[in-house]
Amino acid sequence: MTLEQPLATRPPSSVAEAAEAHLDDVFGYLLYLTRDRETAEDLSSSTFEKALRLWDRFDPRRGSARTWLLGIARTTALDWFRAESRRRRREEAAALDERVEETFAEGLSPELEAALAELSAGEREVLALRIVLELDGEATARVLGISPTAVSTRLSRALKRLEERVNQG
Amino acid sequence: MSVNEIVDELRGSRPRASEALRLQVLTLSASPPPRAPSLLARLRGTRRLLLALPAAAGLAVLAATAIGVTRPAPAPVAREAVATGATAEPSIGATPPPAMFAGPAQDSAAAAQAKAPAPTTGRAQRYGATLTLGVEDTDELSAATQQALAIARDLGGYVVSVQYATGDTGAASLTLRVPSAQAAAAVTRLSSLGTILAQNVQIDDLQESLDTLDGQIERVRAQIAALTAAIDRAETAAERARLLERRARTQLELRNLRASRSGTAEVARNATIQLELRTEESSATPAPGSRLDRALDRALAVLAWEAVVALAILVAAAPLALVAVAVWLTRRTRRRREEDRLLAAS
């Protein structure tokens, strides 16, 4: 298993350049987190809106544009989760489940898709960052606001659970 | 399915944004960014602090330097306590109060300008001065002692006593007599031999005493003349013998009065100057530095005060800062727990 991150390129000079380079990463991460394509698209859009507003604060010395954008995406997703949680409590209905699509990533086998659906958002986000987007431990830790060791632990657990679910199914 | 196969499948099916989303995001990103925030707005949190701390330190140093350079230096002239009447011409027969001139440390250049008060011309006065000077080392002590003796001789005076001792430090004590008319000049010249650590000049008026003695002498001389005439006129041997004895007593009184007058006149004629010389190691007061040194000293003093104030503020603010840090850490921990709960439940 190789978890190497692709070599970093020069920092983008504008949000448009960053969006062109990292939109798929942001969208993929949000899709894994929410398991809903429509929501992921909405949140991706919100993420880049915020990025445009906060572009002056982006410092390439402190991390890559991808890490910075994924950090904004995570904050945006957490806000969405909070709002969703309040809404669900208020309506006492599993609104999220209603919106979840059966296939959120094209090309995945039905067993893996089903197993992913059984994982928590926290487990899916570490898989998305480390496996799908191939961020290294440091960058993932920066996005999640935890230590690289904690990232490794979460990743191992998530992979183990995913393997169990896939093989059970 | 193994973990490696799962990983390969996950990587192989990496999600891609739809063309609609790509278009929407690229259009949004290409739009002009909101108005650029001001410099202050862009400097947030730790950056503001990082900028504010050296700026505050720079301001403090600047203020200290400005105060050090612009604040007037304390005048290097000795504080004086000259009693009124020291140099004023008193009326005949009146007894003026003693005049005192006392001063703490001052440098020699200033001393040369600040002349000691001179005795009043035409009046008999007792002039006494005590001068304590600091010199660099024992070599200078020796030279200063020699020069003091030379000054006394040069002004027509003489040396009453000299005590000279050296070791790790050195000290010399000289008692000099100079003509009263040269007393002020002597003090001024002696002052230039070192750094003045203490100075005291006392002037007592002796004119009244002299006038009294002169009056008594005249009266006694008149008595003697009267007794001499009476002796010549004495008719009996017994009366003559009584008058002769009385005249002898009066003549003795006249001699005593003349001796007393002579002594008082001698005191008024010469001033006594007590000169103490010490090496710097044994003196308590350091020599004042140059103007730049003094400015630096003042700037450092202001800086020290600023540091004290900053420390006091720090001490006062430290508990509040600790509480703020504790609150921040608690809130961050709670927020992370809440995020973990949210993500675990979704």
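Chain naming here is simple, since letters A, B, ... match the order of the sequence lines and numbering starts at 1 in each.
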Chain B shares the most heavy-atom pairs under 4.5 Å, among Ala128(A), Ala18(A), Ser44(A), Ser45(A), with Ser45(A)

Under-4.0 Å salt bridge between Asp340(B) and Arg154(A)
yes

Shortest non-hydrogen pair, Leu26(B) vs Ala16(A), comes out as CD2-O, 3.9 Å

Considering only heavy atoms and a distance below 4.5 Å, find which of Glu49(A), Arg82(A), Lys160(A), Glu17(A) pairs most often with chain B.
Arg82(A)

The interface call for Glu9(B) against chain A, heavy-atom contacts under 4.5 Å, is both

Rounded to the nearest 0.5 angstrom, the CG-CD distance for Asn4(B) and Glu163(A) is 9.5 Å

Contact part of Arg332(B) toward chain A, heavy-atom cut-off under 4.5 Å: side chain, backbone, both or neither?
neither

Identify the heavy atoms of Ala17(B) and Asp24(A) that sit nearest to each other, and give their distance.
N-OD1, 2.9 Å

Could you go step by step and tell me if Trp80(A) and Leu342(B) meet the side-chain contact (heavy atoms from CB on, under 4.5 Å) rule?
CA-CA 10 Å; Trp80(A) 178 81; Leu342(B) 267 176; over 6 Å; no

Mind checking the CZ-CD spacing from Phe48(A) to Gln24(B)? Nearest 0.5 Å is all I need.
11.0 Å

Ser29(B) and Leu52(A): which non-hydrogen atoms are nearest, and at how many Å?
O-CD1, 3.8 Å

Does the side chain of Val132(A) reach to within under 4.5 Å of the side chain of Arg11(B), using non-hydrogen atoms?
no

Report the distance from atom CZ of Arg341(B) to atom OG of Ser120(A), rounding to the nearest 0.5 Å.
14.0 Å

CZ-CG distance between Arg14(B) and Leu108(A), expressed to the nearest 0.5 angstrom:
13.5 Å

Output, in order, the C-alpha distance, side-chain angles, deciding distance and verdict of side-chain contact (heavy atoms from CB on, under 4.5 Å) for Leu10(B) and Leu162(A).
CA-CA 11 Å; Leu10(B) 287 174; Leu162(A) 189 62; 4.0 Å; yes

Just by modelled atom types, is the Gly145(A) backbone N or O under 3.5 Å from a matching donor or acceptor in the Arg336(B) side chain?
yes

Run the side-chain contact (heavy atoms from CB on, under 4.5 Å) check on Thr47(A) and Val25(B) step by step: do they pass?
CA-CA 9 Å; Thr47(A) 298; Val25(B) 168; over 6 Å; no

Side chain, backbone, both or neither of Glu5(B) within contact of chain A (heavy atoms, under 4.5 Å):
neither

Do the side-chain N and O atoms of Ser18(B) and Glu41(A) include a donor-acceptor pair separated by under 3.5 angstrom?
yes

So, taking the atom named CG in Leu21(B) and the one named CD in Glu38(A), what distance separates them when rounded to the nearest 0.5 Å?
11.5 Å

Inspect the surroundings of CD in Glu118(A) and state if more than 12 heavy atoms from other residues, nucleotides or ligands are less than 6.0 Å away.
yes

Check the surroundings of atom CD in Glu138(A): do more than 12 heavy atoms from other residues, nucleotides or ligands lie under 6.0 Å from it?
no

side-chain contact (heavy atoms from CB on, under 4.5 Å) against Leu343(B), all qualifying residues, sequence neighbours excluded
Leu33(A), Arg74(A), Leu78(A), Phe81(A), Ala121(A), Glu125(A)

